[in-house]
Amino acid sequence: MSKPVRVRFAPSPTGPLHIGGVRTALYNYLFARKMGGQMLLRIEDTDQNRFVPGAEDYIMEALRWVGIEIDEGQGVGGPHAPYRQSERREIYQKEAQRLVDEDKAYYAFDTAEELDVMRKRLEEANAPAAQYNSITRMQMRNSLTMKPDDVRARIDAGEPFVIRLKTPRKEEVRLNDLIRGWVNVHSSAIDDKVLLKSDGLPTYHLANIIDDHLMGITHVIRGEEWLPSAPLHVLLYRYLGWEDTMPQFAHLPLLLKPEGNGKLSKRDADLGGFPIFPLQWTDPVTGVVARGFREEGYLPEATINFLALLGWNPGTEQELFTMDELIASFDLTQVHKAGARFDIQKAQWFNHQYIRQVADQELAPTVQQQAEAAGFNCSLEKANKIVALLKGRVNFAHEIFNEASTIFNAPSVYDETIVAAKWNDDAIRAVTAFRDALQPVDGDFLAEAIKHTLGDAMQQAGIKQGKIMQAMRVALTGSGTGPDLMLTMEIIGKEETIGRLEAALATLKIKVS
RNA sequence: GGCCGAUUCGUCUAGCGGUUAGGACACCGCCCUUUCACGGCGGUAACACGGGUUCAAUUCCCGUAUCGGUCACCA
């Protein structure tokens with residue numbers, strides 16, 4: 001029996017979570033649930049310069065919104081606390097020191113300027129790679145080139161230093177990616193990565209490996225941008241003596257720009273007029289507000305469904321999935337290998353599918369609020385009817401109110417094309433006859449009854465109903481398109497219906513002659 | 001540029017040696033609706049290119065092209 005699956009989502013609190021990050025978290029979650037395992041949340045805040053206040057809370061709220069439940073980690077606790085890397089520095093320092101003691105890493109004292117000089121010199125010399133590696137390190141200021149006493153003295157004197165990995169000169173490093181298969185890299189392509197920075201905090205590479213090991217992570221599911229450094233990570237597991245329990249890797253394809261070259265960015269979202277963050281984010285420095293999927297009216301279920309299918313497909317023809325269905329059918333080996341272009345139209349379609357399934361009563365209060373904010377009286381009952389009439393036509397809940405404008409507003413102008421084409425003598429006779437037939441109607445003013453009244457009136461007047469429906473619609477709403485007319489009349493009521501018919505008769509009569 | 005990865009309709013994708021290359025979004029058309037939509041039905045549309053391997057390649061191998069990622073004391 002293999003050990004229980006444990007995955008982690010390990011974002012950096014450098015700003016709002018990108019939608020691609022949400023997808024990464026989702027795939028981790030689906031895999032964990034599918035395998036009956038656990039999902040951890042770890043905060044990788046080892047870069048003090050890029051820390052953004054509020055980002056961590058934002059990440060947790062975003063995960064909660066889309067329905068990703070964290071079993072262990074930041075915000076929920078667990079046996080491996082703390083889950084914020086900035087609070088675990090001693091752990092990393094201890095392991096980094098161990099690597100130095102075992103001659104697998106070394107101290108380096110080079111300044112930023114010295115590194116620049118080195119790189120420039122190598123580039124000018126047309127060296128294969130301008131990096132700190134097994135060859136160039138012998139010309140730099142580090143514990144491999146300096147006398148031990150000198151090194152000790154500098155450290156004791158408090159001179160800043162970093163710890164670098166002593167990457168082997170020639171060694172084949174291979175890893176078996178769950179999505180991509182075997183990936184081979186020669187160690188000469190890997191430089192002597194900084195493991196511990198001069199501020200005493202680890203770099204991603206070190207912290208990541210140590211924490212994943214300590215926290216019992218069995219599967220590392222992350223973005224493709226990490227694939228180039230994955231061999232380095234394998235090397236680290238080996239040097240730390242943990243290779244036999246090394247997690248399996250799965251590198252996910254990236255989300256690409258809707259058009260053009262490159263990966264999806266905030267700028268594409270601004271240009272395309274779509275969100276790229278799950279929730280609204282207010283930049284703490286500039287105060288600039290970026291709306292999220294939630295604020296734009298996307299339902300969490302739709303967002304998840306859309307994201308899940310961007311790079312993964314169960315191989316069946318099912319398109320709509322609940323979270324439980326996603327879990328049941330998810331399979332890492334079915335993840336597509338190439339990057340996926342981000343297509344917001346598909347997201348809108350998913351939202352359309354989910355909006356129509358929401359109960360009228362749930363959507364009604366929003367419509368009522370919008371109507372009242374716009375200065376209209378709208379009972380909850382009326383809002384309910386409007387929702388029932390329109391929710392199947394829209395992509396977003398907030399569009400219902402806009403679609404209902406012909407209900408709230410009597411027409412002030414009439415669509416000229418329709419008027420020109422359809423407003424003739426028959427139309428006038430029809431509208432007049434219908435108005436007269438409506439006058440004596442008592443009691444409930446319901447669509448079904450209105451339909452009959454109209455039908456009877458047209459029959460009596462000897463007019464084909466189909467011929468005058470467009471004119472009737474224009475008379476009542478000013479527009480050639482809109483929701484079902486009978487129900488529209490039911491909602492606006494008898495008085496308003498008759499009023500609109502008379503207004504149309506008065507203003508449009510003139511145009512005919 | 002070096003290294004790594006990828007390449008099926010405009011887009012998301014199914015396919016894992018023999019298929020009329022399937023589905024979804026978008027687009028177009030028809031039907032339904034004595035109105036507008038929703039919806040239903042249908043249509044246009046793809047295996048990057050060149051070599052192999054094989055009785056047979058979209059599928060396997062090698063090149064080429066293109067695209068993506070990465071080359072920091074950022075993650």
Side-chain angles (χ1 to χ4, degrees), chain A residues 10-14 44-47 49-50 108 110-112 115 119 123 126-132 160-164 177 179-181 183-186 188-191 193-199 201-205 207-208 222-231 251 253-254 256 258-259 261-263 306 309-320 334 336-350 352 356 389-394 403 406 451 454-455 458 464-473 476-477 479-488:
Chain A
S12 223
T14 53
E44 310 223 329
D45 57 345
T46 55
D47 186 353
N49 302 318
R50 294 208 305 161
D110 316 277
T111 63
L115 291 171
R119 291 192 182 107
E123 268 165 34
N126 263 325
Q131 54 186 23
Y132 210 120
F161 67 90
V162 301
I163 291 181
R164 283 182 183 272
D177 187 279
I179 294 171
R180 285 148 212 283
V183 178
N184 301 304
V185 177
H186 195 80
S188 60
I190 304 171
D191 62 348
K193 277 276 179 304
V194 169
L195 265 20
L196 199 72
K197 299 181 280 187
S198 57
D199 62 4
L201 282 165
T203 57
Y204 169 86
H205 308 293
N208 191 261
R222 66 204 336 182
E224 191 185 355
E225 70 268 27
W226 292 111
L227 193 52
S229 50
H251 289 93
L254 263 22
L256 270 26
E259 50 201 46
N261 299 156
K263 61 177 174 179
F306 164 63
L309 259 25
L310 217 50
W312 168 79
N313 184 294
T316 67
E317 286 179 1
Q318 184 177 357
E319 297 281 337
L320 265 20
Q334 299 247 48
H336 203 68
K337 294 185 183 75
R341 275 192 196 282
F342 190 84
D343 180 12
I344 199 66
Q345 273 190 322
K346 195 103 178 195
Q348 289 167 355
W349 177 79
F350 276 110
H352 171 75
R356 51 189 306 184
L389 179 62
L390 296 168
K391 75 174 178 185
R393 303 164 62 102
V394 298
E403 282 281 306
T406 56
K451 191 174 177 180
L454 176 62
M458 292 308 100
K464 278 211 167 144
Q465 197 178 323
K467 296 234 174 197
I468 52 84
M469 281 309 287
Q470 278 284 95
M472 193 66 73
R473 177 175 286 283
L476 281 163
T477 69
S479 166
T481 61
D484 182 271
L485 253 197
M486 308 306 155
L487 281 162
T488 299

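Residue numbers start from 1 in every chain, and the chains themselves are labelled A, B, ... in the order their sequence lines are given, proteins ahead of strands. Computation of the quantities below employed the complete heavy-atom set of this structure, encompassing side-chain atoms and omitting hydrogens, waters and symmetry-equivalent molecules.
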- Quick one: which of B:C36, B:G68, B:A75 gets closest to the side chain of A:D47? B:A75
- Item | Residues forming a side chain to side chain contact (heavy atoms under 4.5 Å, CB included) with A:N184, sequence neighbours excluded | A:E172, A:R174
- Query: Expressed in angstrom and rounded to an integer, what is the separation of A:H205 atom NE2 from B:A72 atom C1'?
  - Reply: 9 Å
- Query: What about A:S198, does its side chain sit under 3.5 Å from the base of B:C73 through a donor-acceptor pair?
  - Reply: yes
- Message: Looking at B:G68, I'd like to know if its phosphate oxygens (OP1 or OP2) sit under 4.0 Å from a side-chain N or O belonging to A:K337.
- Response: no
- Return no unless some side-chain N or O of A:T14 is found under 4.0 Å from OP1 or OP2 of B:C74. no
- Query: Taking the side chain of A:V183 as heavy atoms from C-beta outward, which of B:C67, B:C4, B:C36 is closest to it?
  - Reply: B:C4
- Message: For a quick test of reading the model: is some side-chain N or O of A:R356 closer than 4.0 Å to OP1 or OP2 of B:G39?
- Response: yes
- From CD of A:Q470 across to P of B:U34 the rounded distance in Å is 15 Å
- Query: Quick one: is A:R180 getting a side-chain N or O under 4.0 Å of the B:A6 phosphate, OP1 or OP2?
  - Reply: no
- Task: Give a yes or no on whether the backbone of A:V194 and the side-chain of A:T203 come within a donor-acceptor separation of less than 3.5 Å.
- Result: yes
- Item | Side-chain N,O (A:H336) to OP1/OP2 (B:G68) below 4.0 Å | no
Filtered N/O pairs between nucleotides 58-66 of chain B and protein, under 3.5 Å:
none

- Query: Using purine N1 to pyrimidine N3 plus N6-O4 or O6-N4 for Watson-Crick, or N1-O2 and O6-N3 for G-U wobble, both under 3.5 Å, which nucleotide pairs with B:C30?
  - Reply: B:G40
Using a cutoff of under 3.5 Å, can you pull out all pairs of nitrogen or oxygen atoms linking the protein to nucleotides 18-26 of chain B, with atom names and distances?
unit_1: B:G22; atom_1: O2'; unit_2: A:E317; atom_2: OE2; d: 2.7
unit_1: B:G23; atom_1: O4'; unit_2: A:E317; atom_2: OE2; d: 3.1
unit_1: B:A24; atom_1: O4'; unit_2: A:E319; atom_2: OE2; d: 2.9
unit_1: B:A24; atom_1: O2'; unit_2: A:K346; atom_2: NZ; d: 3.3
unit_1: B:A24; atom_1: N3; unit_2: A:K346; atom_2: NZ; d: 2.8
unit_1: B:C25; atom_1: OP1; unit_2: A:W349; atom_2: NE1; d: 3.3

- Message: Can you say whether a donor on the side chain of A:R473 sits under 3.5 Å from an acceptor on the base of B:U35, or the other way round?
- Response: yes
- Item | Interatomic distance at P, B:C62 relative to B:A6, whole Å | 11 Å
- Task: Write down the distance separating the P atoms in B:G42 and B:G22, rounded off to the nearest Å.
- Result: 13 Å
- Base, sugar-phosphate, or nothing for A:L485, non-hydrogen atoms under 4.0 angstrom? base
- Query: Looking at A:K263, does any N or O in its side chain come under 4.0 Å of the phosphate oxygens OP1/OP2 on B:G5?
  - Reply: no
- Does a side-chain N or O from A:K451 land closer than 4.0 Å to OP1 or OP2 of B:U34, or not? yes
- Using side chain to side chain donor-acceptor pair (under 3.5 Å) as the criterion, point out the one residue from A:R180, A:E224, A:R222 that pairs with A:H251. A:R222
- Query: For the side chain of A:L115, counting heavy atoms from C-beta on, which of B:A75, B:C73, B:C12 is nearest?
  - Reply: B:C73
